[in-house]
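One structure is given below, encoded as structure tokens.
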Protein chains: 2
Amino acid sequence: MPAEASTSRPASPSLTERQEARRRRILHASAQLASRGGFDAVQMREVAESSQVALGTLYRYFPSKVHLLVATMQDQLEHMHGTLRKKPPTGDTAAERVAETLMRAFRALQREPHLADAMVRALTFADRSVSPEVDQVSRQTTAIILDAMGLADPTAEQLSAVRVIEHTWHSALVTWLSGRASIAQVKIDIETVCRLIDLTTPGPRR
Amino acid sequence: MPAEASTSRPASPSLTERQEARRRRILHASAQLASRGGFDAVQMREVAESSQVALGTLYRYFPSKVHLLVATMQDQLEHMHGTLRKKPPTGDTAAERVAETLMRAFRALQREPHLADAMVRALTFADRSVSPEVDQVSRQTTAIILDAMGLADPTAEQLSAVRVIEHTWHSALVTWLSGRASIAQVKIDIETVCRLIDLTTPGPRR
DNA sequence: CGCTAATCTAGAACAAGTTTCAGACTTGAT
DNA sequence: ATCAAGTCTGAAACTTGTTCTAGATTAGCG
């Protein structure tokens, strides 16, 4: 236990440090369980045990399983945005770059299909009580797409196109995860919807 | 076993009649409960009671709550397709007609938002075990859109556009139901994605 | 240091989806 | 009419998300 608490920089985590650590443990356990068996494998009791936290505490940090999984998704998305930033897409047109970026993200998801399942199912199943968190995920996704487009100041029309791209992205993932669409099919859908960008971007073609 | 039409005494309808009737009672109860309080209000015990069927029987007919709600959606979709057929859309272009049709469907859903909630949540939450049923819903939706386009023989490109339109349709509904998008926003998204049709349909263009 | 409020823990309890089972009823065939 | 197979019923049991409670710890403060 900390003998002195004032002057020295705390080596042992005190205060909110500890809570931050708990939160990280919980998110880690969540992602780990999700990676194993998807949405169903993330059982609140197991998450609590894995992260060495009482069930009640888990619920204090994340008021429902869906909240937990959406937070897990936020976490992963942040990581992915960082990764994507390091190697920007190389396509000539905005449409190509967006498609390339989404396909890169898709490939990442394919590496952990169960985790993808858990996150996406939670996202689309979320009810109003999770709206703020889901909205945050949506904003992050929008940011990634706008990054790929390379637009500083998108028009309303372009924002609409981005919204539709996000719709397609989410729904295509759902159909892929439930085994109703192949990877190739998802690719086609992404490429198809990205053509909308050309419609709204006065550029060199057509 | 063509049997008799049982004109005299329908007191004890025999054979599969009875089962068909049970099935209809169950679907009716499901829709009714869903209309009241959405996904959460459809409780299997209540559905069983409402439709005068034992819980075990309910599960024999529909192996899970999601199966039940997806079947409910099939039912409603069929009804809607019939209704839409009676008054075909009037727009000049295929894109306009599809947007008009989807907006008409959307208005119908707005009249029973709770029912819409139950059906759409079930649809996107469905896992692989429900794939055949979900696929059936998807085919029905595709048929409605193709009807609106007025195409006998769509190209592969056009089918891709239709797929993307469906993605957008489902995902836009999800965002509307969870309160993250307004009705106006959904309208814009539908209109935006329908422009994809123009891209793939050589014809009178703006 | 000692106090008070907030937080955490272990565990029971509750809710709704799902499964199971023994017994009653239907059905189809002989 | 009778039998075997399949179906339906009512009720209990099981699972997992969620809530609640009482007591232990911890944190911030005078």
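This structure is a prediction, so every number in the text was calculated from the model and none was measured. So you know, we letter chains A, B, ... as the sequences are listed, proteins then strands, and number each from 1. No hydrogens, no waters, no symmetry mates; every other heavy atom, side chains included, goes into these values.
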Any side-chain N or O of A/Gln19 under 4.0 Å from OP1/OP2 of C/dA6? no

Taking distance alone, no hydrogens or angles, what donor-acceptor pairs closer than 3.5 Å link side-chain atoms of residues 142-152 of chain A to residues at least two apart or in another chain?
residue  : atom : partner  : partner atom : Å
A/Thr142 : OG1  : A/Ser138 : O            : 2.9
A/Thr142 : OG1  : A/Glu166 : OE2          : 2.4
A/Asp147 : OD2  : A/His81  : NE2          : 3.2
A/Asp147 : OD2  : A/Arg85  : NE           : 3.2

How long is the line joining CD of A/Glu17 and P of D/dA27, in whole Å? 11 Å

Close N/O contacts between protein and nucleotides 21-24 of chain D (under 3.5 Å):
none

Do B/Val164 and A/Ile190 have side chains that get closer than 4.5 Å, going by heavy atoms? no

Between A/Arg18 and D/dA27, does any side-chain N or O lie under 4.0 Å from OP1 or OP2? yes

Taking C/dT26, C/dC8, D/dT9 as options, the one with an atom nearest any side-chain atom of B/Thr57 is D/dT9

Whole angstrom value for the distance that separates P of D/dG17 from CG of A/Leu68: 11 Å

Could you check how far CZ of A/Phe62 sits from C1' of D/dT18, rounded to whole Å? 16 Å

I'd like to know if B/Arg195 and B/Glu191 make a salt bridge, using a cut-off of under 4.0 Å between side-chain N and carboxylate O. no

So A/Leu196 and A/Val193, do their side chains get closer than 4.5 Å, heavy atoms only? yes

In the structure I gave you, are the side-chain heavy atoms of A/Gln76 and A/Leu115 within less than 4.5 Å of one another anywhere? yes

Provide, to the nearest angstrom, the distance between the CZ atom belonging to A/Arg60 and the C1' atom belonging to C/dA6. 7 Å

Polar atom pairs (N or O), protein with nucleotides 13-17 of chain C, under 3.5 Å:
residue : atom : partner : partner atom : Å
C/dA16  : OP1  : B/Gln43 : NE2          : 3.2
C/dA16  : N7   : B/Arg45 : NH2          : 3.4
C/dG17  : OP1  : B/Val42 : O            : 3.2
C/dG17  : OP1  : B/Lys65 : NZ           : 2.9
C/dG17  : OP2  : B/Met44 : N            : 3.0
C/dG17  : N7   : B/Arg45 : NH2          : 2.5
C/dG17  : O6   : B/Arg45 : NH2          : 2.7

Nearest-angstrom distance from the residue atom CD of A/Glu46 to C1' of D/dT16: 11 Å

Determine: side-chain N/O of A/Gln52 to OP1/OP2 of C/dT9, distance under 4.0 Å, yes or no. no

Could you tell me how far apart A/Glu20 (CD) and C/dT7 (P) are, to the nearest whole angstrom? 15 Å

Please examine the side chains of B/Met44 and B/Leu55, heavy atoms only from C-beta on, and report whether any two atoms are closer than 4.5 Å. yes

Would you say A/Leu123 and B/Val174 make side-chain contact, with heavy atoms under 4.5 Å? no

Would a 4.5 Å heavy-atom cut-off, applied to side chains only, mark B/Gln74 and B/Gln140 as touching? no

Check whether NZ of the Lys or CZ of the Arg B/Lys65 lies under 6.0 Å from the centre of the six-membered ring of B/Phe125 and within 45 degrees of that ring's axis. no

Rounded to whole angstroms, how far apart are CG on A/Leu58 and P on C/dG11? 17 Å

Can you tell me the distance, in whole Å, between the OH atom of A/Tyr61 and the P atom of C/dT7? 9 Å

